[in-house]
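First the structure, in the form of structure tokens, and then the observations on it.
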Amino acid sequence: MINQSNLIAKESTTKENRIWIRISAACNEKCLFCLDSQAQDGKLIDEDIVKKQIRDGFRPWYTNRVILSWWEATINPKFPEYIAYAKSLGYDRIQTVTNGNMFAIPKFCDKVISLWLQEVTFSLHGHTAQLHDHLTATPWSFHKALKWLIYLRKYHPHVIINIDIVVNKVNVDFLPKIVSFYMKLWIKEFDILQIIPFGRGFAQYKDQLFYNISEHIGALHDTWKLSTLPWVYMWTNRFPAEAFEWFEDLIQDPRKIKSETMGESIEMFDPFIRSQWRKKPECFGDACDVCFLKQYCHEFIASVDSISVPMINPFIIWSDDIQKIDTHNYVVLRWEEFPSEVYKKYGTTPQNFLEFIQNMELKGHQKLVNIPPCIRSKNNSVLYEDYNNLKKEYCVEDYTSNYIKNLYRKKSISCKKCKFNDTCKGIHINFIRAYGFEILHPIE
Ligand code: SF4
Ligand code: SF4
């Protein structure tokens with residue numbers, strides 16, 4: 001059952017201006033799953049660079065949030081100074097993501113809170129020292145983080161505390177217990193991150209850490225169920241949408257892909273797109289099978305390789321005003337940016353949406369594009385736009401934005417039973433987020 005209010009509440013946070021700033025290329029833990037351990041050279045990021053990023057990141061008239069982060073921000077001696085600097089510029093929210101080691105020192109903790117650190121995200125990957133310390137490869141890390149968390153709760157109750165958990169083969173079956181454990185400490189907000197195949201996690205611990213989601217779906221669903229408690233706020237990151245059947249409001253906002261491909265990693269993805277995949281990312285290969293970007297990368301490769309796909313001519317772009325019926329051959333249904341816009345245009349229930357599509361008045365010869373036949377068989381072309389229909393130029397900005405808006409489609413697990421499975425590409429992710437996988441019905 002989609003939690004619509006949850007979904008719409010999350011929209012407001014995606015409208016906020018969020019700036020992530022790396023201030024240390026070093027860490028005092030050695031997490032097995034670290035995704036960019038190879039980039040850590042033990043140095044601190046230059047003060048001028050950090051301050052420039054804080055300055056440049058501020059946008060007047062927006063709600064501004066700065067997140068001092070990576071690898072372990074708190075080991076930078078200038079961490080308190082950067083908090084004060086961000087406050088002086090007018091940031092509305094100053095946050096850090098930390099393993100909690102430094103905060104176990106009460107003086108440090110009191111100082112950064114007094115300087116206006118308002119939100120702290122703890123990276124805690126277990127509910128016992130045995131589990132957490134094993135994953136961080138750092139003895140006593142669990143006790144230190146817990147000590148600081150309890151200290152904060154007691155002496156600085158106004159500070160917002162949340163927990164992020166990297167899910168992997170070692171802790172996935174304990175995930176409901178881990179979340180429940182921190183709930184008992186009055187943690188209300190959780191960021192659940194799927195492990196990704198970069199850095200030492202894949203290079204050194206592939207077999208120990210990577211898991212098949214379908215084999216552990218019970219533990220994941222038990223965790224997602226906890227998100228339905230009215231006081232719990234749960235985010236998920238880098239999981240495939242298929243992990244959320246019945247909990248689709250937890251599917252990550254598709255626009256987050258921008259920060260993955262156009263942030264720090266732009267130098268890896270831009271040559272890949274510009275060279276029309278002749279320059280593959282270094283990670284290309286076995287890692288793709290357990291990578292949340294598989295569809296993004298491989299859809300692009302398939303698009304480039306299908307240059308000869310017959311173009312629908314002319315494509316009629318039809319997204320701004322659904323009441324307009326084109327007089328040409330094709331009607332192309334595209335995304336809506338926010339779930340609230342989907343609800344406004346198509347109605348709030350899956351039935352509203354299905355009726356809307358069924359009742360669209362198309363002329364006899366007009367064909368629908370981008371809609372699976374199980375939603376409307378009449379006038380369906382079973383045709384989908386691909387990047388060849390959309391591209392302006394081969395660059396990461398253009399591909400990413402087109403991917404998010406038009407190419408990021410999903411099918412349900414039950415689609416395997418459908419006779420259209422080989423040709424159908426499903427439906428845009430935002431319709432799944434708004435109405436759930438239940439709008440798709442296999443045709444036998
Ligand atoms: S899917 Fe893309 S980002 Fe992921 S491992 Fe493969 S090439 Fe790298
Ligand atoms: S059930 Fe799945 S494969 Fe079949 S038409 Fe619908 S989306 Fe396509």
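Start at 1 and go down the list; that is how both ligands and their atoms are numbered. Being a predicted model, the structure only gives us computed values, none of them experimental.
Listed by chain and residue number, the protein N/O/S atoms under 2.8 Å of atom 4 (Fe) of ligand 1 are C291 SG, with waters left out.
Not counting sequence neighbours, K144 has no partner by the salt bridge (charged side-chain N to carboxylate O under 4.0 Å, His left out) test. A search for side chain to side chain contact (heavy atoms under 4.5 Å, CB included) contacts involving V290 returns P197, F202, F210, not counting sequence neighbours.
Tested against M234, the residues I192, D191, N162, D249 include a single side-chain contact (heavy atoms from CB on, under 4.5 Å) partner, I192. If you run side-chain contact (heavy atoms from CB on, under 4.5 Å) between S141 and each of K30, H134, E29, only E29 comes through.
In this pair, F174 and H127 present their aromatic rings tilted. The plane angle is within the 30 to 60° band.
Using a 4.0 Å cut-off between heavy atoms, F269 contacts ligand 1 through its side chain alone, with no backbone atom that close.
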**Prompt:** Hey, mind stepping through Y384 and H428 against ring-ring contact (aromatic ring centres under 6.0 Å, His included) and telling me if it holds?
**Reply:** CA-CA 11 Å; Y384 289 85; H428 191 273; over 10 Å; no
**Message:** As a quick check of understanding, evaluate side-chain contact (heavy atoms from CB on, under 4.5 Å) for N370 and N406, giving each step before the final call.
**Reply:** CA-CA 9 Å; N370 290 346; N406 302 303; 5.6 Å; no
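If you look at Y399 and F300, their ring centroids are closer than 6.0 Å.
A distance-only check finds no donor-acceptor pair linking the side chain of Q4 to the backbone of A434 [under 3.5 Å]. Side chain of H125 to main chain of V166: a donor-acceptor pair is present (N/O by atom type, distance under 3.5 Å, no hydrogens or angles).
Counting only protein N, O or S atoms, 1 lie closer than 2.8 Å to atom 4 (Fe) of ligand 2.
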